[in-house]
There are 2 protein chains.
Amino acid sequence: MAARRVLKYAILGLLRKDDKSGYDITSDFKQAIGQFWSAKHSQIYTELKKLLEEELISSYIELSGEKLEKKMYTLTEKGKEDLHTWLLTQDDHLETEKDVFALRLYFLKDIPSADLLALFENQLNLRTNKLNMLKEQYAYHFGEENRPVDLDADDLGHYFVLTKAISREENYIFWLMESMDIIRQRQYGE
Amino acid sequence: MAARRVLKYAILGLLRKDDKSGYDITSDFKQAIGQFWSAKHSQIYTELKKLLEEELISSYIELSGEKLEKKMYTLTEKGKEDLHTWLLTQDDHLETEKDVFALRLYFLKDIPSADLLALFENQLNLRTNKLNMLKEQYAYHFGEENRPVDLDADDLGHYFVLTKAISREENYIFWLMESMDIIRQRQYGE
DNA sequence: ATCTTCATGTAATAAGTTACATGATTCC
DNA sequence: GGAATCATGTAACTTATTACATGAAGAT
């Protein structure tokens, strides 16, 4: 996978509004944006160090409590420009969207329908939980209505990411259920 | 990304029916299964070497033409068992489905609607082309009907992967168009 | 007190891409 | 004869995960 230095731009992007620490960035990847990109703290700290060297960000220390130091990072002008250029870049091809469940499914020959259905049930569970979590997030931020009216620029990004993730999971679940029907039909012939 | 040794199992899976060369496996990743996993030839040859050492596959030479040697790989019993176990393994969590377009979108603050729409148009183009390609593949293998009746075990995997990919792209396109409507509405207020 | 979360880093390893390198066969 | 495809491999590098390592602050 890995298009060129996506983590770099993900981090620059997360710093676009406020200064953040490595820990903050790690937390962000556990929220909405974690639906579309994520990284472990070890990779984030390493990348931050690199971005500092490249002078795309600068840092200062902030105390939280008596002794605990937070290293805060700010976008430099150079960093802002680099981010801006990247944001307007058009992709010239689509990357493979890796999906281990679908891969596994491709090899299902000789697996009994009952086992296959168990795999589907498991996937359906995971996806349903995720969808519910996403819908809760949506309701919390944008209310219960289908489409909120007043979206300022900040919320818009969040709105797009949440609706994208929700629509992805709904579609996945729909396909899972359709496929399970087909397997159940086959099952009677076994 | 990368759940544990997915490429290993992708390769074992591709060898489940027939013996294949590294080149054949590379080609497979450009076909249907490439919608959900892929790898470059350099990685594939390296992994095949590793799988040989682990005695999950064995190899022999086949001549194609006068001199050109194809190194063919076969699943060993050990390899078959390993694959079978993996196929029945349930995931306990979902990986982040990385999507650079959605990531970029999250950071769209201060980008003019016109530029934003250009990014969407580009994505819409790429996705539409992909969808058409997938639909052609579907028609070629399963005909024009909505749901084929007679699917044997081999075709079923292929069927699932193709319908999954088609449904994913249709859903993506639907969401793109919905989002573009919202942006166009905002645009009048600028 | 002790558990969880906040907070930062490095080391070792695994996975994946790009570039380097070579040669045969087929199609036009 | 030349281009595209068939065919295999290694080297250098980038990206990502897991494990190691430490300590402060807040909650119960």
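Note that these values count all heavy atoms, side chains included, but never hydrogens, waters or copies made by symmetry. Lettering of chains follows the sequences in order, A, B, ..., and the numbering in each one begins at 1.
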Whether the [X] and [Y] side chains hold a donor-acceptor pair (N or O, under 3.5 Å, no angle test) is what I'd like checked.
| X | Y | value |
| --- | --- | --- |
| Asp28(B) | Tyr106(A) | no |
| Asp24(A) | Ser21(A) | yes |
| Thr163(B) | Trp175(A) | yes |

Quickly work out the [X] [atom1] to [N] [atom2] distance and round it to whole Å.
| X | N | atom1 | atom2 | value |
| --- | --- | --- | --- | --- |
| Lys8(A) | dT14(D) | NZ | P | 13 Å |
| Arg4(A) | dA16(D) | CZ | C1' | 18 Å |
| Phe29(B) | dC6(D) | CZ | P | 17 Å |
| Ile61(B) | dA7(D) | CD1 | P | 13 Å |
| Leu7(B) | dA16(D) | CG | C1' | 15 Å |
| Arg5(A) | dA16(D) | CZ | C1' | 14 Å |
| Glu69(B) | dG9(D) | CD | C1' | 13 Å |
| Lys20(B) | dC6(D) | NZ | P | 14 Å |

side-chain N/O [X] vs [N] OP1/OP2, d < 4.0 Å:
| X | N | answer |
| --- | --- | --- |
| Lys71(A) | dT8(C) | no |
| Lys98(B) | dA16(D) | yes |
| Tyr23(B) | dT8(D) | no |
| Lys40(B) | dG16(C) | no |

- When the ring planes of His158(A) and His141(A) are compared, do they come out parallel, tilted or perpendicular, using 30° and 60° as the limits? perpendicular

- Do the ring planes of Phe142(A) and Tyr138(A) sit parallel (below 30°), tilted (30 to 60°) or perpendicular (above 60°)?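 Rings of Phe142(A) and Tyr138(A): tilted, as their planes differ by 30° to 60°.
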
- Using heavy atoms and a sub-4.0 Å distance, could you list which residues of residues 41-57 of chain A are near DNA chain D? By number, please.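 Those residues are Ser42(A), Gln43(A), Lys50(A).
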
Give every pair of a protein N or O atom and an N or O atom of nucleotides 24-28 of chain C that lie under 3.5 Å apart, one pair per line with the distance.
unit_1, atom_1, unit_2, atom_2, d
dT25(C), OP1, Glu66(B), N, 2.7
dT25(C), OP1, Lys67(B), N, 2.7
dT25(C), OP1, Leu68(B), N, 3.4

- Task: Give one of base, sugar-phosphate or nothing for Ser21(B), where a contact means two heavy atoms less than 4.0 Å apart.
- Result: sugar-phosphate

Under 3.5 Å, side-chain donor or acceptor atoms of residues 118-125 of chain A against the rest of the protein: list the pairs with distances, not counting sequence neighbours.
unit_1, atom_1, unit_2, atom_2, d
Asn122(A), ND2, Asp91(B), O, 3.1
Gln123(A), OE1, Arg127(A), NE, 3.0
Gln123(A), OE1, Arg127(A), NH2, 3.3

- Should we say atom OH of Tyr60(A) is surrounded by more than 12 heavy atoms from elsewhere, each under 6.0 Å from it? yes

- Message: Given Lys8(B), which partner from the list Leu83(B), Leu48(B), Asp82(B) fulfils the side-chain contact (heavy atoms from CB on, under 4.5 Å) test?
- Response: Asp82(B)

- Between the main-chain N or O of Glu55(B) and the side-chain N or O of Thr76(B), is there a donor-acceptor pair closer than 3.5 Å? yes

